[in-house]
Structures are given as structure tokens and as C-alpha cells.
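Structure, as C-alpha cells:
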Amino acid sequence: MRAIFRGSQEGKTSSLAIELFLESHGVSVVSDEILKELRAGEVPDEEPCLMIVYAHEDVDIASGLLYIHDLRMKGLLRDRDVVALILGNLVAERYRGDLFLSSMVRLLSVDVVTTLDLAIGRVLASVLNDVSGR
Amino acid sequence: MMPYVVLKRSSVDELGNQTLAQMIEEKCRLHETYNLSWLSDDFLKRAWLIVSYSGDVVEFAADILALHRMRQRITWRDNSGLCIVVSDDIVDAQGTQKRISDLMFFITEFIGRECFYTLSFAKTWFPKLLSYVPEHSEQE
């Protein structure tokens, strides 16, 4: 399985931890460039894409959400693709139940929002299982 | 010709719309709309300022995405500046009274706004901003 992963410049250690987790579960981490090839029909397009965006701190949430929006606007991310947003430990606690963030996440059809600890501990494995079972 | 300002109205707070419209009309021509995508790119590019007003948090989230879409076509390099105004209720509901939360600040910065106010701050700062309106629009 392939996953597109967008890490954080400021949170390199956590980004690496997510990448290692994915690789240890047999997932190859690829660049978002592959989406252009997929949509152009250059690569066999059989399964939904998994996109994981990691926000190490508050500012990464903003850039991550606009990044997802960009891909959706360009038609590179489709409805059946699975998008997960992982909030790092430096993200302010108030965003865990933030109405604005919830609204943005819904409008962008982000499937999973979780914290770094939960992602590594439980959620990512479940998402991978879900995607591979489709 | 007097420069014009485009106001993206809120669909949920008419009083806020009227407050902003009144301040703008004192200084320039006003063009109001409920949806920026209804206006031509050329018209938006020639506006001196585009003002987006959101009356609640869900409308604000939708407006952010609409503005991000618009920014793919109309950038800060064009004539028009972008000012984002949100209802005071939004910051109250977020529990961040007297300041706008970091996330809202960052996300509006990324889409290239010049300024980001709550409605009550706009009442103070808008007249100052509008005092920079040139008397004649050079691009018309």
C-alpha cells in the first residue's frame, strides 16, 4: 500500500516516527506528485489513496488544511481517498474541540482527526486496515 | 472614477453587513455580493479592496475556503487587497474573547489577507484603512 505523507518541518522527529510506523506496516511513503500521475492514468489506480497530514504545531494545521483544499480543488484528491490529520503534541489543547477546526475539517472531508499518540498507538493501524480492506 | 470596494456579505448577520457597508460607502463606491465567485476575475482584480464578512464560525470556515479558491486567481500582486472581518460572536463562541485565535490568524495570513478584524475592531480600524483610498482609480 502507498501513503502520501505531509510531515512538518518543525517536527522532524515526530514526522519520522510516523513514516517509520507506516513503513513497518508495509506502507511505502510517496510524494504527492504521484497523485498527478494517478489522475493522469499513468499508474494503475486500483485502491483509494491514503493521505496523512501531520501538524506539529498550530501553524501547521492552517497550512495543512489549505494544502488539502488545494489538492481537492485540483481534483487530485477524490471523495473515495482517505485523508487523516494528525495533531502533534505542540498543538494547543483548545484545538481538540475547536468549532472552527471542526467546521474546516468537515468542509474538507477529512476522514480522521487524531493526536500523534493515538495515531501511533491505535488509529493509524485501524485506518490502514480500513483502506486495505476497501 | 472613485475606487470601489467589494463586500462579501454574511448570510447570517445583516446588521454586521450594514455596519461595514455604511463605513465603506462614506469613502468609496461599494459593490456587495453574497458570493465572490459570482463576480468576474477582472472586476475583483480592479477592486481597491475586497472585504469578506463572516457572521458565524461555519460561515467563516466556508468563506476561508472560498477566499483560498479566489486567491488561486486573484493574488496579492493584483490591485485588490483583502480584508477579512468576522463577527464578534465568533471569537466569543471560541472562548478567545479580545483576541483572535492563532489558527484563524495563521489561516487568514496564508491566504494573503492584509488585515483581519473582528467587527468591533473593524469599527475602529476600518476608517483608518479607508483613509488610504486614492481619490481616483488609476486602473479604470
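Residue numbering restarts at 1 for every chain, and letters A, B, ... go by the order of the sequence lines. Hydrogens, waters and symmetry mates play no part in the numbers below; they use all other heavy atoms, side chains included.
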Determine whether B:Phe110 and A:Val59 make a side-chain contact, defined as any pair of heavy atoms from C-beta on separated by less than 4.5 Å. yes

B:Asp102 with A:Arg94: basic N within carboxylate O range, under 4.0 Å: yes

Same apolar cluster: A:Leu71 and A:Val30, side chain cutoff 4.5 Å: yes

Report yes if the side chains of A:Asp70 and B:His68 come closer than 4.5 Å at any heavy-atom pair, otherwise no. yes

Distance (rounded to the nearest 0.5 Å) between A:His69 NE2 and B:Ile64 CD1: 10.5 Å

Determine whether more than 12 heavy atoms belonging to other residues, nucleotides or ligands lie under 6.0 Å from atom CD of B:Gln18. yes

Of all of A:Leu66, A:Asp58, A:Leu108, A:Leu107, which one pairs up most often with chain B through heavy atoms under 4.5 Å apart? A:Leu66

Atom CG in B:Leu103, atom OH in A:Tyr95: separation rounded to 0.5 Å? 4.5 Å

Around atom CZ of B:Arg73, are there more than 12 heavy atoms of other residues, nucleotides or ligands at under 6.0 Å? yes

Run the side chain to side chain contact (heavy atoms under 4.5 Å, CB included) check on A:Met104 and B:Leu65 step by step: do they pass? CA-CA 8 Å; A:Met104 290 293 287; B:Leu65 296 183; 3.8 Å; yes

Treating Ile, Leu, Val, Met, Phe, Trp and Tyr as nodes and any side-chain heavy-atom pair under 4.5 angstrom as an edge, say whether A:Leu16 and A:Leu90 lie in one connected cluster. no

Atom pair CD1/CG of B:Ile107 and A:Leu65 - distance to nearest 0.5 Å: 5.0 Å

Between B:Leu119 and B:Trp125, is there a shared hydrophobic cluster once you connect ILVMFWY residues whose side-chain heavy atoms come closer than 4.5 Å? yes

Please give me the minimum heavy-atom distance between A:Ala62 and B:Phe106, naming the atom from each residue. CB-CB, 3.7 Å

Side chain, backbone, both or neither: which part of B:Gln72 has a non-hydrogen atom closer than 4.5 Å to chain A? side chain

Got a second to check how far B:Asp56's CG is from A:Ser103's OG, nearest 0.5 Å? 8.5 Å

I'd like to know if B:Val12 and B:Val58 are part of one continuous hydrophobic network [Ile/Leu/Val/Met/Phe/Trp/Tyr, side-chain heavy atoms within less than 4.5 Å]. no

Cluster overlap B:Met23 with B:Tyr132, hydrophobic side-chain contacts below 4.5 Å: yes

